[in-house]
Amino acid sequence: MTASQQCPHAATTVLDDEFLQDPHVQYARMRENDPTRRVTTITGMPVWLITRYAEAKAALTDQRLTKDYRGIRSVLDRKTEEGADSANFGESIQAHMLNMDPPDHTRLRKLVVKAFTARRVEALRPRIEQITGELLDRLAVRDSAGETEVDLLDEFAFPLPIRVICELLGIPEDRRQDFRVWSNTLVSGEDPRASEQAALAMSEYLLELIERKRESPGDDLLAGLIEASDESDRLSGNELVAMVFLLLVAGHETTVNLIGNGVLALLDNDEEHEKLRADPTRAAKVVEEALRFDGPVNLATLRFTSEPVRVGEVDIPEGELVLVALSSANRDDEKFPEPHRFDQDRATGGHLAFGHGIHFCVGAPLARMEGEIALRQLAERFPNIALDVPRENLRYRFSTLMRGLERLPVRLS
Ligand code: HEM
């Protein structure tokens with residue numbers, strides 16, 4: 001029996017704005033009644049949604065759920081003929097490891113792991129402390145000048161990771177604003193033509209930068225990637241561009257939401273906020289619970305079935321698109337007791353906020369470090385931070401995969 005036969009309303013669930021504003025209520029219902037079921041994306045695409053922890057974790061290591069972007073594109077094209085809109089796949093910028101299966105994935109991942117070393121990440125710590133301090137200094141000046149309205153996302157959570165990732169990759173300062181715009185356009189995906197133009201502009205610029213780095217390498221990650229690829233398995237210019245694109249986008253939009261969702265969880269939970277204020281070294285625990293409680297990635301990226309796959313009680317046929325709901329898995333009470341309670345002292349081990357299996361987030365140590373520094377310094381400098389709008393006015397940005405607020409207006413003191 002298929003899930004849609006089990007539930008007559010299954011086909012009516014659309015991953016639209018209403019769903020995305022508060023997915024946790026619907027996810028809880030699905031985990032209970034219909035944990036693996038067909039839903040429809042906002043563009044009309046039918047996909048299978050996996051919502052329980054055990055099944056989500058298993059799906060992320062199941063090789064029959066493939067990520068090869070050419071395969072996904074052909075499934076999308078077929079679905080398009082059936083009347084749904086197509087997504088903008090297949091550009092060379094999409095040829096990165098998150099869109100690949102072994103052995104292509106293995107080859108590219110090995111190169112990035114060789115360049116993205118723990119030493120390189122750890123070496124960034126003083127710079128991240130400094131950048132965070134500078135951003136908060138700027139907010140403090142505005143605060144003491146009596147300017148009360150501060151959007152913490154715009155003025156803190158966004159600029160921090162973009163500066164860090166650009167420094168890590170060695171993107172010169174005068175081009176960073178361009179990267180922010182390109183990355184936003186590409187992630188929102190609202191306007192396919194704008195996305196294409198942003199991808200093209202970014203590729204052209206990166207190819208130029210790679211050439212310059214080949215001639216005079218530095219000590220940054222991009223130089224490390226070029227070196228690793230030149231030593232062994234040489235990457236083509238396009239492969240390098242796709243890799244840098246992935247690192248930029250994956251490393252930027254997500255960390256913004258870790259900070260935003262983390263701060264909001266604290267503002268919503270006075271006792272938990274008080275614990276952090278009393279001891280800001282607790283920030284690492286807060287980050288881990290924020291990842292579980294309201295992680296930046298709601299749904300893992302698209303997969304499709306290369307053969308029929310049984311998930312729990314449900315048979316998913318071959319050639320179907322599948323989304324693994326990380327946010328739902330992380331609120332499954334089979335894994336995390338009282339999952340809707342934000343508790344920085346709980347055991348968070350095994351949460352799926354960074355994915356699982358071969359595509360497990362390469363940037364997790366960096367993201368954890370940024371989140372920890374951001375929340376610690378914020379608690380030290382602005383212990384009296386409070387929301388500056390009624391709670392019900394906060395809205396999440398429209399994005400199927402990501403979960404993050406549009407704005408986070410706060411009063412600092
Ligand atoms: C993959 C989450 C920050 C680079 C992933 C995946 C998730 C994730 C869920 C797997 C997606 C899937 O299987 O479909 C996050 C979160 C972050 C974060 C929640 C911040 C809190 C970063 C940073 C970087 C990064 C800072 C790099 C600078 C990557 C890359 C992959 C990835 C390269 C692809 C790995 C592969 O395909 O083998 N991330 N990420 N991420 N992430 Fe992150």
Side-chain angles (χ1 to χ4, degrees), residues 50 56-57 59-62 65-69 72 94-102 104-113 115-117 120-121 124 128 157 160-171 179 183 187 220-222 224-225 242-262 284 286-304 321-327 329-330 351-375 400-404:
I50 300 178
K57 191 169 175 184
L60 292 171
T61 49
D62 191 328
L65 287 171
T66 108
K67 295 217 77 258
D68 185 276
Y69 70 104
I72 291 190
Q94 299 281 356
H96 55 62
M97 64 180 174
L98 186 52
N99 285 339
M100 288 181 186
D101 294 330
D104 298 333
H105 171 266
T106 324
R107 167 177 165 252
L108 294 172
R109 174 124 183 166
K110 227 189 253 165
L111 287 171
V112 82
V113 166
F116 205 167
T117 56
R120 196 165 253 138
V121 173
L124 274 175
I128 300 176
L160 175 62
I162 194 81
R163 279 173 74 174
V164 171
I165 194 76
C166 284
E167 279 200 17
L168 180 70
L169 285 165
I171 310 277
F179 271 93
S183 163
V187 168
D220 50 66
L221 178 63
L222 181 51
L225 272 171
M243 175 81 83
V244 173
F245 163 74
L246 171 66
L247 288 166
L248 272 169
V249 174
H252 169 216
E253 296 291 332
T254 47
T255 313
V256 174
N257 297 338
L258 171 60
I259 298 170
N261 298 357
V286 172
V287 163
E288 224 43 47
E289 173 64 343
L291 285 161
R292 181 205 68 85
F293 181 78
D294 210 12
V297 182
N298 173 20
L299 299 160
T301 51
L302 268 182
R303 284 153 167 82
F304 80 99
L321 298 169
V322 176
L323 285 171
V324 178
L326 306 177
S327 292
N330 286 338
H351 72 66
L352 299 181
F354 289 118
H356 179 64
I358 60 167
H359 293 285
F360 181 84
C361 180
V362 162
L366 175 62
R368 285 182 161 125
M369 189 194 288
E370 285 184 66
E372 186 266 317
I373 293 172
L375 294 190
T400 316
L401 300 191
M402 300 282 184
R403 178 154 172 87

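Scope of the values below: all heavy atoms of this structure, side chains included, with no hydrogens, waters or symmetry mates. Remember, it's 1-based here, ligands and their atoms both numbered in the order they're listed.
- Checking side-chain atoms of Thr106 against main-chain N and O of Pro102 turns up no donor-acceptor pair under 3.5 Å.
- Qualifying salt bridge (charged side-chain N to carboxylate O under 4.0 Å, His left out) partners for Glu288, counting only residues two or more places apart in sequence or in other chains: Arg368.
- Proximity to Ala353 (heavy-atom distance under 4.0 Å) selects the following atoms of ligand 1: 2 (C), 9 (C), 19 (C).
- Applying the 4.0 Å criterion to heavy atoms of Ile358 picks out, from ligand 1, the atoms 38 (O).
- A distance-only check finds no donor-acceptor pair linking the side chain of Arg109 to the backbone of Arg107 [under 3.5 Å].
- Proximity of Met100 to ligand 1 is not established, as no heavy-atom distance is less than 4.0 Å.
- To the nearest 0.5 angstrom, Asn257 atom CG is 9.0 Å from His252 atom NE2.
- You'll find the side chain of Leu352 reaches within 4.5 Å of the side chain of Lys57, heavy atoms only.
- Distance check, rounded to the nearest 0.5 Å: CG of Leu225 to CG of Leu247 gives 6.5 Å.
- Short contacts between ligand 1 and Ile165, defined as distances under 4.0 Å to a heavy atom of the residue, involve ligand atoms 28 (C).
- Counting atoms of ligand 1 from 1 in the listed order, those under 4.0 Å from a heavy atom of Leu326 are 9 (C).
- Taking a cut-off of under 4.0 Å to the non-hydrogen atoms of Arg303, the atoms of ligand 1 that pass are 12 (C), 13 (O), 14 (O).
- Looking only at side-chain heavy atoms (C-beta outward), Phe116 and Leu221 come within less than 4.5 Å of each other.
- Contact annotation for Thr301 and ligand 1: heavy atoms of both the backbone and the side chain come within less than 4.0 Å of the ligand.
- When heavy-atom distances to ligand 1 are checked against a 4.0 Å cut-off, Arg109 comes that close only through its side chain, counted from C-beta outward.
- Relative to atom 1 (C) of ligand 1, the option among Glu253, Lys67, His359 with the closest non-hydrogen atom is His359.
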Practice task
Just do the side chain to side chain contact (heavy atoms under 4.5 Å, CB included) check on Leu326 and Asn298 with the steps written out, would you?
Solution key: CA-CA 6 Å; Leu326 306 177; Asn298 173 20; over 6 Å; no
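- Looking only at distances, no side-chain donor or acceptor of Asn330 sits under 3.5 Å from a matching main-chain atom of Asp294.
- Atoms of ligand 1 lying under 4.0 Å from at least one heavy atom of Leu246, given by number and element, are 33 (C).
- Using a 4.0 Å cut-off to heavy atoms of His105, the atoms of ligand 1 that qualify are 36 (C), 37 (O), 38 (O).
- Between the Lys67 side chain and the Met100 main chain, no donor and acceptor come within less than 3.5 Å of each other.
- Of all the atoms in ligand 1, the ones that sit under 4.0 Å from a non-hydrogen atom of Pro296 are 19 (C), 21 (C).
- Counting only distances under 2.8 Å, and ignoring water, the protein N, O or S atoms around atom 43 (Fe) of ligand 1 are Cys361 SG.
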